[in-house]
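Take a look at the structure below.
Everything numeric here is computed off the predicted structure, so don't read it as measured data. Atoms within a ligand are numbered from 1 in the order they appear, just like the ligands themselves. When a residue number appears, it is its place in the shown sequence, counting from 1.
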Amino acid sequence: MLLDLPDKCGGADKSAEVFLLLVIKSSPVNYDRREVLRKTWAKERLHNGVWIRRIFLSGTSDSGFEKERLNKLLELEQREYSDILQWDFSDTFYNLTLKQILFLEWMERNCPNVRFLLNGDDDVFANTDNMVEYLQSLKDNDGSKHLFTGHLIQYVGPIRSSGSKYFVPVQVQKSDSYPPYCGGGGFLLSGYTALVIYNMSQSIDLLPIDDVYMGMCLAKAGLGPTSHIGVKTAEYMILI
Ligand SMILES: *[C@@H]1O[C@H](CO)[C@@H](O)[C@H](O)[C@H]1NC(C)=O
Ligand SMILES: *[C@@H]1O[C@H](CO)[C@@H](O)[C@H](O)[C@H]1NC(C)=O
């Protein structure tokens with residue numbers, strides 16, 4: 001780990017005070033996107049009496065001098081905003097599952113009692129006020145029950161053409177079908193479900209498509225994702 005935030009949730013014991021943790025995958029070069037999100041939908045704040053907190057997840061980019069330069073810049077950003085977790089692995093599309101699991105491991109240690117999480121990308125729009133109100137309106141709104149909702153994708157399988165961004169060869173996954181999952185642009189889950197997924201990930205080989213992998217972990221736990229009409233990740237937007 002290169003950049004850590006052990007006190008982001010006020011320590012493991014106090015982490016129940018965080019109602020919605022925004023967990024946003026962002027590579028080192030996306031400084032401009034982070035800057036916009038900090039001022040808009042990912043602002044840390046009290047809304048409707050509950051806390052919203054923000055974390056960006058980053059790996060490293062480039063190599064040699066350029067990698068060190070980008071790491072230095074991220075360190076400066078961290079000094080200013082205290083909202084970045086960074087690990088020393090190459091921040092590429094096929095490493096997003098690794099990023100996801102490293103986050104869940106970090107969460108189990110530092111924010112195990114967070115109520116809900118919005119897990120997503122830095123190129124989406126999310127109406128986080130509405131999300132808080134939606135989550136507060138649920139019958140079980142303390143994060144201790146299963147919740148995993150977003151843009152539901154079902155009845156699809158690995159893309160076998162090597163030119164595709166989502167190419168997965170049979171050597172990596174034999175099965176021609178994926179379990180139901182939610183598009184990785186953004187989905188909501190409870191703290192409970194996040195920890196269940198982390199537990200399941202201990203015994204499932206990493207599949208390099210992060211959102212599908214979450215679906216695999218859910219399936220292994222006998223749980224499933226649900227569809228929320230407000231989430232549209234295929235059109236690059238989350239609306240809830
Ligand atoms: C993932 O990160 C590791 C460690 O930096 C790197 O060796 C590997 O090439 C990366 N994998 C992909 C698919 O980019
Ligand atoms: C995850 O696994 C740990 C250790 O086996 C267990 O104590 C914990 O209850 C599990 N958490 C969930 C949410 O299943």
Is the shortest side-chain N to carboxylate O distance from K72 to E68 below 4.0 Å?
no

Is the shortest distance from atom 14 (O) of ligand 2 to a protein heavy atom below 4.0 Å?
yes

Counting only nitrogen or oxygen atoms and a 3.5 angstrom limit, does Y94 reach ligand 1?
no

For atom 12 (C) of ligand 1, the closest protein heavy atom turns out to be T92 OG1, 3.4 Å

For atom 2 (O) of ligand 2, is there a protein heavy atom at a distance under 4.0 Å?
yes

I'd like to check which ligand 1 atoms, numbered from 1 as shown, lie under 4.0 Å from a non-hydrogen atom of F89.
2 (O), 4 (C), 5 (O)

Quick one: sort the Y166 and F93 rings into parallel, tilted or perpendicular, breaks at 30° and 60°.
perpendicular

Non-hydrogen atoms of D211 and G184 that approach each other most closely:
OD2-N, 2.9 Å

Under 4.0 Å from any heavy atom of V196, which atoms of ligand 2 are there?
13 (C), 14 (O)

For P208 and V172, work out which heavy atoms get closest and say how close.
CD-CG1, 3.8 Å

Nearest 0.5 Å, what's the CG-CG distance between D62 and D91?
11.5 Å

When you measure from atom 5 (O) of ligand 1 to every protein heavy atom, which one gives the shortest distance, and what is it?
S90 N, 2.8 Å

Atom pair CG (L85) and NZ (K25), whose distance is rounded to the nearest 0.5 Å
12.5 Å

What residue and heavy atom of the protein are closest to atom 11 (N) of ligand 2, and at what distance?
N199 ND2, 3.0 Å

Can you tell me which residue and heavy atom of the protein come closest to atom 8 (C) of ligand 1, and the distance to 0.1 Å?
N95 ND2, 3.9 Å

Determine whether the side chains of D122 and S26 contain a donor N or O and an acceptor N or O closer than 3.5 Å.
yes

